[in-house]
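Nothing fancy with the numbering, it's 1 onward along the sequence.
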Amino acid sequence: MDTADSTPRESIFTIEATPVKFGPGAGTDAGWELTRLGVRRAFVVIDPYVQAAGIARGVLDSLRAAGVDTVLYDDVDTEPDLSALNRAVQAARAADPDGFVAIGGGSAIDTAKVANLLTTHGGEIMDWVNPPVGGGRLPPGPLRPLLAIPTTSGSGSEATTVAIVDLPELGIKSGISHRTLRPAQAIVDPELTRTAPAAVTAAAGLDVVCHAAESFLSRPYTTRPRPESPAVRPPYQGSNPVADVWSAEALRSGGRYLRRAVQGGDLEARGAMMLAATMAGVGFGSAGVHIPHACAYPIAGLRHHAHPDGYPGTKAFIPHGFSVIVTAPAAFRYTFDADPQKHVRAAELLTGQPQEPGDRDALPRALLELMQDVGAPTRLRDLGYSATDLLALVDGALKQQRLLAVAPRTPDRAALEGILRASL
């Protein structure tokens with residue numbers, strides 16, 4: 001249907017999902033799954049702390065028992081930057097595998113996606129990064145099979161078309177997004193999260209909640225301009241009836257299980273959050289994320305001064321889930337008028353309780369309560385920011401046009417400044 005300005009509007013949405021195998025002990029099927037995909041030599045990207053803790057021993061044993069020639073690579077950074085990803089690309093090219101395995105959180109899975117892309121199709125990383133930050137080159141064909149095995153319950157990268165790269169020299173994070181980056185198979189095994197620290201579980205789980213809320217509340221796909229060609233239809237297409245089902249269930253699970261998962265030792269809750277992460281990945285992989293994630297990339301990119309409490313290693317960074325969630329309450333107050341009923345429904349899903357119709361603060365209030373209960377920062381000041389940083393943060397958020405394009409209200413500079421100021 002065309003609007004009053006005669007701009008043709010979208011009438012098609014796409015749902016694509018990674019095949020997922022879920023359940024305690026599922027990791028031991030890794031060898032079978034990889035050989036089913038025709039892989040005989042695998043480049044295995046594994047989080048170094050996962051490897052040191054022996055969490056993935058059963059997965060690796062399964063690969064070797066299946067006769068897969070494995071090349072292990074554990075030089076994986078949390079929130080990887082360009083140099084870390086380039087090291088992985090060089091190692092993967094030298095290994096010349098016919099498939100990839102990723103074992104770890106979103107950082108390990110994204111590292112494998114980038115290594116797979118450049119090993120298959122060449123070029124430099126910035127050639128493929130989304131414009132206006134990078135060249136926006138499109139993959140000309142499929143990638144080699146990637147088996148993704150998450151060990152945290154948050155990023156949903158095992159189900160998405162996106163790989164994120166930290167660009168500290170530009171003060172932002174950005175990404176590579178294309179349907180070919182989606183893993184060929186995911187194995188989601190709650191047993192693999194047993195040793196995840198509480199802070200990691202909290203940040204990852206809040207990322208799940210934000211993925212689900214943002215996609216559930218994204219602009220309807222029918223309000224987007226119709227692409228000139230199917231080839232340029234964006235992966236993030238706006239809310240649609242199928243994506244909403246996945247996003248709603250992920251919101252419900254986040255409200256019900258995240259508090260328990262952070263307390264540790266509750267395998268049921270951790271498994272539920274892993275499944276919620278995958279469900280949210282399917283939802284936002286179609287509908288998209290918007291303002292909180294657009295703000296999160298400069299929030300994470302501008303500050304590399306401290307190592308977060310409760311995280312392994314020594315690298316200074318801001319965990320992605322925390323950088324996303326701190327602006328979410330203000331962002332959803334801003335977007336409320338686009339669809340008040342749906343915002344209230346999101347709050348009901350998250351809290352499991354009925355809310356007052358028209359309550360602008362229902363969702364922000366539910367999010368803040370959840371953040372406080374899991375020990376997460378609730379303000380930008382908690383992450384080291386002040387009013388003097390607002391200009392740089394707004395500039396960084398404005399560069400994330402592929403995200404802002406699916407917001408239910410498109411924010412201008414003044415609106416973004418208002419959201420970030422309210423989040424201080």
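With a 4.5 Å cut-off on side-chain heavy atoms, Thr222 and Arg9 do not count as touching. The closest side-chain heavy-atom distance from Ile55 to Tyr49 is not below 4.5 Å. For the pair Leu143/Leu181, a side-chain contact is recorded, criterion being any heavy-atom separation below 4.5 Å from C-beta on. Residues Pro308 and Phe322 have side chains not in contact (no heavy-atom distance under 4.5 Å, counting atoms from C-beta outward). The shortest distance between side-chain heavy atoms of Val324 and Leu206 does not fall below 4.5 Å. Annotation: side chain of Val68 is in contact with side chain of Thr35 (closest heavy-atom distance under 4.5 Å). By the 4.5 Å heavy-atom criterion applied to side chains, Phe284 and Tyr236 are counted as neighbours. Between Val165 and Met126, every side-chain heavy-atom pair lies at or beyond the 4.5 Å cut-off.
Annotation for Ala277 and Ser153: closest pair CB-C, 4.0 Å, computed over non-hydrogen atoms. Contact detail for Pro298 and Leu393: the closest heavy-atom pair is CG-O, 3.5 Å. Between Pro234 and Arg224, the shortest heavy-atom distance links the atoms CG-NH2, 3.1 Å. A pairwise comparison of heavy atoms in Ile187 and Glu33 identifies CD1-CG, 4.0 Å as the closest pair. Counting all heavy atoms, side chain and backbone alike, Tyr73 lies closest to Ala84 at OH-O, 4.2 Å. Considering every non-hydrogen atom in both His343 and Asp339, the closest pair reads ND1-O, 2.9 Å.
Aromatic pair Phe317/Tyr311: ring centres closer than 6.0 Å. Two rings, from His121 and His178, have their centers 6.0 Å or more apart.
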Can you check side chain to side chain contact (heavy atoms under 4.5 Å, CB included) on Ile103 and Val44, steps first, answer last?
CA-CA 7 Å; Ile103 309 172; Val44 181; 3.9 Å; yes

Side chain to side chain contact (heavy atoms under 4.5 Å, CB included) between Gln51 and Leu72, intermediate numbers included
CA-CA 10 Å; Gln51 178 158 348; Leu72 290 184; 4.0 Å; yes

Derivation and outcome, side chain to side chain donor-acceptor pair (under 3.5 Å), residues Arg36 and Gln185
CA-CA 10 Å; Arg36 179 184 64 80; Gln185 177 71 43; 2.9 Å; yes

Please test Asp382 against Leu380 for side chain to side chain contact (heavy atoms under 4.5 Å, CB included), starting from the C-alpha separation and ending with a verdict.
CA-CA 5 Å; Asp382 298 334; Leu380 276 171; over 6 Å; no

Please report the C-alpha distance between Leu302 and Asp389 in whole Å, then the side-chain angles of each, then the deciding distance to 0.1 Å, and finally whether the side chain to side chain contact (heavy atoms under 4.5 Å, CB included) criterion is met.
CA-CA 9 Å; Leu302 285 170; Asp389 299 305; 5.8 Å; no

Go through the steps to decide whether Glu158 and Thr18 satisfy the test side chain to side chain donor-acceptor pair (under 3.5 Å), and finish with yes or no.
CA-CA 7 Å; Glu158 70 276 4; Thr18 302; over 6 Å; no

Evaluation steps, salt bridge (charged side-chain N to carboxylate O under 4.0 Å, His left out), between Asp189 and Lys21
CA-CA 8 Å; Asp189 183 347; Lys21 178 171 285 188; over 6 Å; no

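Side-chain N or O atoms of Thr351 include one that pairs as donor or acceptor with a backbone N or O of Ala347 at under 3.5 Å. For the pair Thr193 (side chain) and Pro190 (backbone), a donor-acceptor distance under 3.5 Å is present. Under a 3.5 Å cut-off, the side chain of Arg93 and the backbone N or O of Thr119 do not form any donor-acceptor pair. Distance alone, capped at 3.5 Å, places no donor-acceptor pair between the Arg345 side chain and the Leu349 backbone. Judged by distance alone, the side chain of Thr161 and the main-chain N or O of Arg182 form no donor-acceptor pair under 3.5 Å. Side chain of Ser239 to backbone of Phe216: no donor-acceptor contact under 3.5 angstrom is found. Side chain of Arg270 to main chain of Ala261: a donor-acceptor pair is present (N/O by atom type, distance under 3.5 Å, no hydrogens or angles). A donor-acceptor pair under 3.5 Å is formed between the side chain of Ser62 and the backbone N or O of Thr28. No donor-acceptor pair under 3.5 Å is formed between the side chain of His290 and the backbone N or O of Ala405.
Residues meeting the side-chain contact (heavy atoms from CB on, under 4.5 Å) test with Ala95, sequence neighbours left out: Arg41, Phe43, Val71, Pro97.
For the residue pair Ser247 and Ser215, a side-chain donor N or O sits within less than 3.5 Å of a side-chain acceptor on the partner. If you check the side chains of Asn240 and Ser286, you find a donor sitting under 3.5 Å from an acceptor. Side-chain contact, Asp110 with Ser157: a donor N or O sits under 3.5 Å from an acceptor N or O.
Of the options Ile109, Asn116, Leu117, a side-chain contact (heavy atoms from CB on, under 4.5 Å) to Lys113 is made by Ile109 and by none of the others.
The local environment of CD in Glu124 is sparse, with at most 12 non-hydrogen atoms from other residues, nucleotides or ligands closer than 6.0 Å. Other residues, nucleotides and ligands place no more than 12 heavy atoms under 6.0 Å from the CZ atom of Arg179. Open room surrounds CD on Gln341; 12 or fewer heavy atoms of other groups in view lie less than 6.0 Å from it. Within a 6.0 Å radius of CZ in Arg379, more than 12 heavy atoms belonging to other residues, nucleotides or ligands are found.
Cation-pi geometry between Arg303 and Tyr385 is met: the NZ or CZ atom falls under 6.0 Å from the ring centre, inside 45° of the normal. Because its NZ or CZ atom is not both nearer than 6.0 Å to the ring centre of Tyr297 and within 45° of the ring axis, Lys399 does not count as a cation-pi partner of that residue.
Atom CZ of Arg233 sits about 10.5 Å away from atom OH of Tyr221, to the nearest 0.5 Å. Expressed to the nearest 0.5 Å, how far CG of Leu398 lies from SG of Cys295 amounts to 9.0 Å. With values rounded to the nearest 0.5 angstrom, Leu420 atom CG is found 11.0 Å from Leu391 atom CG. To the nearest 0.5 Å, atoms CG (Asp47) and OG1 (Thr111) are separated by 9.5 Å. Going from atom CG of Leu275 over to atom OH of Tyr257 covers 10.0 Å, rounded to the nearest 0.5 Å. The line from CZ of Arg259 to CE of Met273 is 11.0 Å long, rounded to the nearest 0.5 Å.
Between Asp81 and Lys173 no salt bridge is recorded (no basic side-chain N to carboxylate O distance below 4.0 Å). The residues Arg260 and Glu268 are annotated as salt-bridged, a charged nitrogen and a carboxylate oxygen being separated by less than 4.0 angstrom. In summary, Asp98 and Arg40 do not engage in a salt bridge, as defined by a charged side-chain N under 4.0 Å from a carboxylate O.
Applying the side-chain hydrogen bond (donor to acceptor under 3.5 Å, both in side chains) definition to pairs two or more places apart or across chains, those involving residues 408-424 are Asp395-Arg413, Glu417-Arg421.
Note on ring orientation: taking the six-membered ring where Trp is involved, the planes of His320 and His211 are tilted (angle from 30° to 60°).
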